[in-house]
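One structure is given here, and the rest of the page talks about it.
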Amino acid sequence: MLSAALALTLLALVFGLLLGYSSIRFRVEGDPVADRIDAILPQTQCGQCGYPGCRPYAEAIASGEADINQCPPGGEQVIQALADLLGREPKPLDPERGAEKPPMVAFIDESDCIGCTLCIKACPVDAILGAPKQMHTVIAEECTGCELCVEPCPVDVISMVPVEEDISHWKWPLPKVANGEAP
Amino acid sequence: MAEYALILISTILVNNFVLVKFLGLCPFLGVSKKLETAMGMGLATTFVLTLSSICSYLVNEYLLSPLGIEYLRTIAFILVIAVVVQFTEMVVHKTSPLLYRVLGIFLPLITTNCAVLGVALLNVQADHDFIQSALYGFGASAGFSLVLVMFAAMRERIDVAEVPAVFRGPAIALVTAGLMSLAFMGFSGLVKG
């Protein structure tokens, strides 16, 4: 009995050490430029840039496939930061991709929700809670304001409301950039 | 030599793991929609099965048997298989990005494949030695790959065929699988054991 427990523990320990060692030894470095671009992007995963999320867009920028002005949620600040990082000229947001808006969160009018789960499937960050035939609700802290859930709702009860600034998420305003000049 | 050839023929055709022993049915139905993915899955399974049957033989022979704790076989084998799969995934990811693109997504899927554990346990039951275990694992996965690729090719063909509405989708796939299983019954009696 004791030998059995010991043998299995030892086996697990050896395997754990092996895996731990090999995860360091065989670590694969991703594309460092793509990583840094991804860190700048707002992580709304909204897909407005034409790519299925922020990471693919970052990889596309890194490989020169995409331009830096395709991110409406990030707006001017993200374009400026990307231009600084990549040593390119900042340019205005591509109007085809949408306009810059104040930060928003989705809000579900729960009295009219029919519990179809369509918005749950659309949400890229799993910020909507609910089950079939049960009303759904948005976890406001998780919501990135990407608006992807508005379209699939068959009863149109999802609206985007601006985030009200209060003491818990007020931030120092970032320095404004005037027409591409350095701040 | 003849004995080794017999093991291969027996595992690939006569006692085919999918169609005769009904092990590994989930990837058989799940990953057989496209021929390309079926080939990738087949390759990955061959790799993992051969490796894991060798490793579980070693663990059984040099750890479990000497200590007289064969009753812990199942849990020890699961541990071994999971580690082997994880380890190979890391090594492949580091050493060969091309191979990783072919096998990468399938490797973790195989960890929970019942055929992998099945081969390890059947090896012990049949009292195979080292080479026999390796061959048995290889044969089992070769049979699995063969059937998977054939099935995927058939499903691709059926997708464009005129199937009656009630049979479309999984229904016709299961009917096809049943017919294939029937066909493989024809091999029984070719080799004993």
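Throughout, a chain's letter reflects where its sequence line sits, starting with A, and its residues are numbered from 1.
Using a 4.5 Å cut-off between heavy atoms, V84(B) makes no contact with chain A at all. Of the two parts of L79(B), the backbone and the side chain both hold a non-hydrogen atom closer than 4.5 Å to a non-hydrogen atom of chain A. Proximity to chain A (any heavy atom under 4.5 Å) is shown, for L64(B), by neither the backbone nor the side chain.
Under a hydrophobic clustering in which Ile, Leu, Val, Met, Phe, Trp and Tyr are joined whenever their side-chain heavy atoms come within less than 4.5 Å, directly or via other members, L41(A) and L148(A) fall into different clusters. Cluster annotation: V48(B) is connected to F26(A) through the hydrophobic network of ILVMFWY side chains, with a link wherever side-chain heavy atoms come within less than 4.5 Å. L146(B) and F28(B) fall within a single hydrophobic cluster, where Ile, Leu, Val, Met, Phe, Trp and Tyr side chains are chained together by heavy-atom contacts under 4.5 Å. F151(B) and I158(B) are assigned to two separate hydrophobic clusters, defined by single-linkage of ILVMFWY side chains at heavy-atom distances under 4.5 Å. A single hydrophobic cluster is not seen to contain both V147(B) and M185(B); linkage of ILVMFWY side chains at heavy-atom distances under 4.5 Å, directly or through other members, places them apart.
The CG atom of L67(B) sits 9.5 Å away from the CG atom of L6(A) when rounded to the nearest 0.5 Å.
The closest side-chain heavy-atom distance from F15(A) to F87(B) is not below 4.5 Å.
Interface remark: of the candidates G16(A), A7(A), S23(A), S3(A), S23(A) forms the most heavy-atom pairs closer than 4.5 Å to chain B.
For Y4(B), the OH atom sits in a packed shell: over 12 heavy atoms of surrounding residues, nucleotides or ligands are nearer than 6.0 Å.
The minimum heavy-atom distance linking M90(B) with L19(A) is given by the pair CE-O, 4.0 Å.
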